[in-house]
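Notes for the one structure printed next.
Read the numbers this way: they start at 1 and go in the same order the structure lists the ligands and their atoms. One-based numbering along the sequence shown.
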Amino acid sequence: MSRIVVLDQFTANQIAAGEVVERPASAVKELVENSLDAGATEITVEITAGGLSEITVRDNGWGMDEEDARLALLRHATSKIRGAEDLFRITTLGFRGEALPSIAAVSKLTLKTRPAGSDRGTHLEVEGGQVLSCRPAALAPGTIVQVRDLFYNTPARKKHLKSAGTEGGAVGDALSRLALARPEASIRFIHNRREIFATPGTGKLLEALAAVMGMETARQMLPVEDISRDWLAIRGYAGRPVLHRSNRRQIIVLVNGRYVYSSLVALAVQEAYHTLLPAGRHPVAVISLQVDPELLDVNVHPAKLQVRLAREREVAGAVTRAVREALISTSLVIPGMPAGEAYAGRPPGLPSSGHRGDTRRAVQPGQGEGATIPPLFPAALPPAGSVEDFLPPESPVSPGQCRERDRYVKKDMAAAPEIDWPPAGQPCGDGLLAEDLPGYSCPVCRDGREGETAHDAPVSGESVSTFPPLHYLGQLPPTYLLAAGPGGLYMVDQHAAHERILYEKYLSGMAAGGLSSQMLLLPVNVFLSHREATLLAEKREFLTSLGFVLDFFSGDTVVVRGVPLDFPPGEEESYLRDILAYLGEPGRSPSREDLLHHLAARTACRAAVKAGALLSEAAALALLEQLAQAQNPYTCPHGRPAVILLSYQELAQRFKR
Ligand SMILES: Nc1ncnc2c1ncn2[C@@H]1O[C@H](COP(=O)(O)OP(=O)(O)O)[C@@H](O)[C@H]1O
Ligand SMILES: [Mg+2]
């Protein structure tokens, strides 16, 4: 047996470097964290070749005197904690005293630093952890750390690095998280002499977000806030559903000013977007949590990226509610209007008597031809309004009002977001093809991909959404209803809209103990395999609560005697087979919630008015009216838009006005 020896500092630093400094991005993160901990308000990070050849971090923090500068390079030398008891009160980003010696161990490092109040600075040259020289230096108060040839003496590690472009991208990601975590500091990032971003350091998260994610993204963010608890404050921004991305990396979670990987909180954010996003897509959000430091253990991971959070489940639940609240309290019509300016009750010039979701044309139920959605008619329709109610303030245009119009258009233009349509091939593709008609059903259900979609069990106690009042204009075949509303022309996809209405109705009906049925004059017999029959027998309760009346008859034959109220005739057998195919997929054992969502969504898709169906005016009005009453009128249950807005600004641009 060999004897145990204590490793020398140099070896220990190399080992620590393996944990703390994996790649240029981790070195940059550590250095900028040090700058922030030193109270810096201005930090410039300059890298060349992805940080592989050079990284320079300059700050205007409080700097170090010569003695501290030398000490800083020793392992476990820190000014941030004094003992173990401090580990549970950490308010700084660093505390392990490992970063500087670790980086110095695997690079050629220059440290120049001058404390505020001193007229002299210190210049240290270190190579592979050995101090080569120390001399006085002239510099402004603050610190400059320059790291050259990272991993020059650890070739094995160097081999694992990616291209300069990828490493540079990772540096940018790490820096943008820091910039979002600390909007009060101005952080500037330069790669190969080109400025990538610079945050203004105003302390405003939205401004930092605009700097790192771009103006268009920032315009699509909705404020999130819940400060009702004394141990937890939730603040941040959640993107409108149009901003969806292919992965969860843009759900940024900050805890006490520190970026952390928290899959639980990220999932909690995602949960709030139930059915608002297309299948497999993820939202953009920056959620900043302030918790009592005693509830937080940051000493879990060498790179301090993971934290242990007490009451994590409570936090996650609160985050879901806060984000959901932000989403439902704003109009989510695509393209959205900016937060704050979002339709806040009334468009310019709309009389105050209009109520939410007012489809302003008086018609009687049953009017017009071809009403294909009979149960939609509301008991009472609101009084007739006029289309003028929705015009921008300059209409009718008089010469003096032209300037006014310009202002309106410009203001709107500033708000005009880019629509981030899901890529082609996504479920519920927009632009239906003629061959899809008239028997068109939702492609998501048709493809059987809808099971992957997040679902929205209604969030109890939700306030109603702010759907704009619409003035129905007419139907654009095959599937769009056109309406005037605040800001421009609204186009509603009749199938998606009706699907949404029915989905919510089914879901709440099932939750309330069952929907009523419509008995069939001629019961339909469906012959099932033994396996199908067993599955059906197991899940019969769910189908019954949807309004299906089923009887088993001689072994594996099921008799459908009744269907949900809106169910289209002739679809009973294919519907049942479809559901059974879903239930019978190998490895599928849906939770009760999943099953409810799935059944409600599938039934809604079957029962919803088809694209291509001609709607009478009364039916169209009823559809709009009921859509306005929906908890989430903006998307179908699979997350595709139910309504989009062609703004006056866009119209004016297209008409070159
Ligand atoms: N940019 C800086 N400005 C002022 N002091 C710094 C700076 N960078 C490092 N230091 C000092 O060096 C010490 C060691 O830094 P580091 O190795 O990152 O450990 P930690 O941040 O965990 O304390 C810090 O505690 C701090 O006192
Ligand atoms: Mg540090």
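The minimum heavy-atom distance between Arg177 and Leu254, with the atom names listed, is O-CD2, 4.1 Å. Considering every non-hydrogen atom in both Leu205 and Gly236, the closest pair reads CD2-CA, 3.8 Å. When all heavy atoms are compared, the tightest approach of Thr202 to Glu207 is OG1-OE1, 2.7 Å.
Between Trp62 and ligand 1, no pair of N/O atoms sits closer than 3.5 Å. For Pro101, no nitrogen or oxygen atom sits less than 3.5 Å from a nitrogen or oxygen atom of ligand 1, counting backbone and side chain alike. Ligand 1 has no nitrogen or oxygen under 3.5 angstrom from a nitrogen or oxygen of Asp37. Remark: ligand 1 and Ala99 share an N or O pair separated by less than 3.5 Å (distance only, no angle test).
Looking at Ala38 against ligand 1, only its side chain comes within 4.0 Å, counting heavy atoms. Residue Asp59 touches ligand 1 through its side chain alone, judged by heavy-atom distances below 4.0 Å. Only the backbone of Glu98 comes within contact range of ligand 1, with a heavy atom under 4.0 Å; no side-chain atom does.
The 12-atom threshold is exceeded at CZ of Arg23, counting heavy atoms of other residues, nucleotides or ligands nearer than 6.0 Å.
With respect to Glu125, the salt bridge (Lys or Arg N to Asp or Glu O under 4.0 Å) criterion is satisfied by exactly one of Lys108, Lys112, Arg148: Arg148.
Ion pairing of Asp173 with Arg249 is present here, as a side-chain N (NZ or NE/NH1/NH2) and a carboxylate O approach within less than 4.0 Å. Contact check on Glu46 versus Arg193 returns no salt bridge, with no Lys/Arg side-chain nitrogen under 4.0 Å from an Asp/Glu carboxylate oxygen.
The closest approach between any non-hydrogen atom of Glu30 and ligand 1 is not below 4.0 Å.
Set against the non-hydrogen atoms of Leu100, the atoms of ligand 1 under 4.0 Å away are 9 (C), 16 (P), 17 (O), 18 (O).
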